[in-house]
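The structure appears right after this line, and notes come after that.
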There are 2 protein chains.
Amino acid sequence: MLTHSAVLKNAFHPAALLDQPVQSKPTSEPQADEESLDRWMQLVGSVTYYPRRVQIVHEDEAADRLYKVISGTVCTYKVLSDGRRQIGGFYLAGDIFGLESGEGHTLAAETITNAKVLVIRKSVLAALASRNTALTGHLLMLTARELAHVQERVLLLSSKSAQERVVGFLLEMSKRGTSSGNSVELPMSRQDIADYLGLTIETVSRTLWALENCGTIEISRRRRIRFRSRSTLVRLQQ
Amino acid sequence: MLTHSAVLKNAFHPAALLDQPVQSKPTSEPQADEESLDRWMQLVGSVTYYPRRVQIVHEDEAADRLYKVISGTVCTYKVLSDGRRQIGGFYLAGDIFGLESGEGHTLAAETITNAKVLVIRKSVLAALASRNTALTGHLLMLTARELAHVQERVLLLSSKSAQERVVGFLLEMSKRGTSSGNSVELPMSRQDIADYLGLTIETVSRTLWALENCGTIEISRRRRIRFRSRSTLVRLQQ
DNA sequence: CGTAACATTGAGGTCGGTCAACCCGCGTGG
DNA sequence: CCACGCGGGTTGACCGACCTCAATGTTACG
């Protein structure tokens, strides 16, 4: 079956999306095609610069756009009726958001830092997809990946203690993002982290301090986290 | 822009997926195509019958299959190292699971009731997708829909009280599932609900009782819930 | 009728939320 | 140079919602 998918992979694209490319290294995805998607997006999209802490998508806005973060950090969120804010996700350089097909329910989005964002109309992308079959396949792959990511997040959120959530968050950020070796630079505030994890800033703060206190991490300038013992973190995460 | 998408929609399929079909009624999706996808799946897939409480997908199993529930109820889940179980989602008749493109992380799946399930190899589906462009588009739509659904769940889970979660769950189940008018038949046990919402069975039980006690719902034979005041529920959900 | 699985109910402990005070770095302006 | 304010972060005291553990009740099914 693996060989089957490998054969198919060269014949046309969607196969590569539906079947995991087990034979390739985890970091090197089908690059050539990915680049072609990027080229298309850069061709039909328009680059916009946003300052930090600016709303770029309003809640309930028509979801006819796709956004690719070129640089900076963006988050999607929703404000509940009682004022609480829930962050749907953080999007770093290279990430794409706006993939969820509306059904009316749209998340708002705002910049966390200054950001350069590529904005693409879905309708234009759809027009391209009619001639370029691989394009739809790419979007499918990206959406499936995002789905897997969000499902992972559901697991993190639903049955875990504050410590497990914070540790899970740190590990997630170290996998993505500006992780030079064994440390992460967190672009978001404590409030953002709290709203992402469904905790309060006080709890986030206390938990981070507790982790530093037991020698697992090292915090410098509030936003920079160094891992002193990643194995301990992995264990704490469950 | 809306007119643009409307024009495109008839020219080819993916446009309809990427752009929300604003002009069509919410309940009536592109039916003809949806049926064609179903026909394909029934052609290349195989129907399997499972008794209740049987594991049909193991954790870390290769994710090369797609599953469509014909009848019955299935859930996906993950067992944590300390024995806690987290349910990823419930899938009722007509629902499809297995869309998330693995990346190694796979959820297990088991039947809650007796179930009839259509199993399709993704590689076969991918082969079909090469000749039938609309197919990939469909999968994209389904995946995007599932993504939106899971994101909704993240909001429900992360910052809500037990009552809000339970109410949210009841309302979700009444939208899908066997909701004859103003009541729902819950196929899953209290333990399942608890594992889905990240609560304990005791809390679920107490919350349901509290809702019945204040006249909002009516519980018969443990699994049947009648809504006496849906507006109150919507309000409680925030 | 008896058993086992499922569900409810109660009592008590704990984790994380709430509220409030304080700290710290930074920019502004005197 | 300091005073000041401001936003973000930390710390502490207290409290309540939810978890834990244990007993009891109910339903399904042989």
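Within every chain, numbering begins at 1; the chains are lettered A, B, ... in the order of the sequence lines, protein sequences first and strands thereafter.
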- Message: Testing the basics here: between B:Ser183 and B:Arg224, what is the closest heavy-atom pair and its distance to 0.1 Å?
- Response: OG-NH2, 3.2 Å
- Report the C-alpha distance between B:Arg226 and B:Ser220 in whole Å, list the side-chain angles of each, state the deciding distance to 0.1 Å, and finish with yes or no for side chain to side chain donor-acceptor pair (under 3.5 Å). CA-CA 8 Å; B:Arg226 236 175 52 85; B:Ser220 41; over 6 Å; no
- Go through the steps to decide whether A:Leu199 and A:Arg165 satisfy the test side chain to side chain contact (heavy atoms under 4.5 Å, CB included), and finish with yes or no. CA-CA 9 Å; A:Leu199 300 169; A:Arg165 293 186 198 194; 4.2 Å; yes
- Task: Nearest whole angstrom, please: distance from the C1' of D:dG8 to the CD1 of A:Ile219.
- Result: 14 Å
- Search all heavy atoms of B:Gly45 against all heavy atoms of B:Leu118 and return the closest pair with its distance. C-CD1, 3.9 Å
- Query: Going by the side-chain hydrogen bond (donor to acceptor under 3.5 Å, both in side chains) test, which pairs reach into residues 77-88 of chain B, not counting sequence neighbours?
  - Reply: A:Ser158-B:Gln86, A:Glu164-B:Arg84, A:Gln238-B:Ser81, B:Gln55-B:Tyr77, B:Asp82-B:Arg84, B:Arg85-B:Asp192, B:Arg85-B:Asp195
- Message: Measure CD1/A:Ile193 against P/C:dG16 and give the value in whole Å, please.
- Response: 16 Å
- Message: Please report the distance, rounded to the nearest Å, between CD1 in B:Ile112 and C1' in C:dC6.
- Response: 14 Å
- Message: Can you confirm if the NZ or CZ of B:Arg153 lies within 45° of the ring axis of B:Tyr196 and under 6.0 Å from the centre of its six-membered ring?
- Response: yes
- Note on the structure: Between CD of B:Gln191 and C1' of C:dA5 the distance, given in whole Å, is 12 Å
- Note on the structure: Shortest non-hydrogen pair, A:Gln151 vs B:Leu107, comes out as OE1-CD1, 3.9 Å
- Check the distance between C:dT18's C1' and A:Arg84's CZ and give it to me in whole angstrom. 14 Å
Is there any protein nitrogen or oxygen under 3.5 Å from a nitrogen or oxygen in nucleotides 25-30 of chain D, and what are the pairs?
none

- Task: Under 4.0 Å between any heavy atoms, over every strand shown, what does A:Arg223 touch: base, sugar-phosphate, or nothing? Just pick one.
- Result: sugar-phosphate
- Message: Without decimals, in angstroms, what is the distance between A:Arg190 CZ and C:dG25 P?
- Response: 14 Å
- Task: Kindly indicate, with the supporting measurements, whether the criterion side chain to side chain donor-acceptor pair (under 3.5 Å) is fulfilled by A:Arg230 and A:Ser174.
- Result: CA-CA 10 Å; A:Arg230 188 179 287 258; A:Ser174 84; 3.1 Å; yes
Would you tabulate the nitrogen or oxygen pairs shorter than 3.5 Å linking the protein to nucleotides 14-19 of chain D?
{"unit_1": "D:dC18", "atom_1": "OP1", "unit_2": "B:Ala162", "atom_2": "N", "d": "2.7"}
{"unit_1": "D:dC19", "atom_1": "OP2", "unit_2": "B:Thr200", "atom_2": "OG1", "d": "3.1"}
{"unit_1": "D:dC19", "atom_1": "OP2", "unit_2": "B:Thr203", "atom_2": "OG1", "d": "2.3"}

- Query: Which of the following nucleotides, C:dA7, D:dT11, C:dG10, is nearest to the side chain of B:Glu202?
  - Reply: C:dG10
- Any A:Lys122 side-chain heavy atom under 4.5 Å of A:Arg65 side chain: no
- Query: Whole Å only: how far is the CE atom of A:Met188 from the P atom of D:dG7?
  - Reply: 22 Å
- Note on the structure: Separation of D:dG8 atom P from A:Arg53 atom CZ, nearest Å, is 7 Å
